[in-house]
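In listed order, ligands and their atoms are each counted from 1. The first residue in the sequence is number 1, and the count goes up from there. What you are looking at is a predicted structure, and each value in this text was computed from that prediction instead of being measured.
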Amino acid sequence: MKERATIEQIAERIKRAKSVVIFTHMRPDGDALGCSLALSFALDRLGIEHVVCDESPLPSNLSFMRGLERIQKTVSIDADLYIALDSADSARLGALSETFERAMKKRIDTVNIDHHISNPHYAKMNYVRTCSANCMNVAKLIDALGVALDKEIAESLLAGLLTDSGNFSHDDVDEECFLLASRLVKAGADIRSLTYNLFKKQPKERASLHAEVMSKIRYFHDDKLAVITISLDAMARHHADNGMTEGFVDFPLNVDTVEVAASIMEVKQGQYKISLRSKTYADVNRVAGVYGGGGHVRAAGCMLFGELEEIIDKLSYTVSQYL
Ligand SMILES: [Mn+2]
């Protein structure tokens, strides 16, 4: 039942569909929304009835994306084709995974288009190709459907490509990324506004909290470890909420001498959430592991309990073992 399919075979199946449901993963990011909306715009051009479904509330930082209003929480049409995009397994669809799994047993065809190497080919037709962003796979599909790139499609695809390639900075960025970006810009995508919305825009509360936190970076071990602390008191004074500290830890990591950066965020009195990043060699997954946390070699986290200065001492000692 579970087959590999070519993009052309999937395009043919879509053209024969009476109606389609497009699914993407829970807590969607720019790539998930970008490739889903781009395919939705392409199906509009072909006059194919469809809906786009995602179980999660849409992230406020992506509210600038065009077409978000078409995303529904549940399947409202009787479709003969279900397409999952950017979802490494069907469980990633969250509450909608049951709907997708059930379709496999009914007479509804399922398609899985993804770029994660771990994807187990969970649909009837599967196109899994490792690349920077799933928008690169969906761009191929839109080409195979014979739909020309226009501004709406191009901006959706470029939002995804920028997001998952880390603004063209990750290891897997290759010639194909730039060739696609070039086509998307030619088709009318506004790279300046996309880059601003995805990577630079912030509320003033975040800017002032950022300034205070970064003015107090502490360095240890010949400036190879940098530590920032974010207290509940500072959050309250700047009227900031938790989501606003996203990305704070990258700032001390970019200091030229620093190999490991740690952000220590107060969750409640005596409890701190630690985020760790490393630049080139230190394994912060193992640092976090010492305290029951984990993650990846370059990015990991854990929870620590106690008094702040004791926590900094402990953490600093543990990090020194990996520097
Ligand atoms: Mn992705």
- Looking at the Mn ion (ligand 1), is one of the N, O or S atoms of Asp164 less than 2.8 Å from it?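 For Asp164, the answer is yes, given that an N, O or S atom comes within less than 2.8 Å of the Mn ion (ligand 1).
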
- Query: Below 2.8 Å, any N, O or S contact between Asp114 and the Mn ion (ligand 1)?
  - Reply: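 No N, O or S atom of Asp114 is closer than 2.8 Å to the Mn ion (ligand 1), so no.
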
Would [X] and [Y] pass as an ion pair if we require N to O under 4.0 Å?
X	Y	answer
Arg92	Asp114	no
Glu12	Arg16	no
Arg27	Asp54	no

Identity of the N, O or S atom of [X] lying closest to the Mn ion (ligand 1):
X	answer
Asp86	OD1
Asp31	OD2
His115	NE2

- Can you sort out the partners of Glu266 under side-chain contact (heavy atoms from CB on, under 4.5 Å), two or more places apart, ordered by chain and number?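 Residues passing side-chain contact (heavy atoms from CB on, under 4.5 Å) with Glu266: Ser231, Leu232, Tyr272.
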
- Query: Can a donor-acceptor pair be found between the side chains of His115 and Thr130 at a distance below 3.5 Å?
  - Reply: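 Looking only at side-chain atoms, Thr130 and His115 do not form any donor-acceptor pair under 3.5 Å.
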
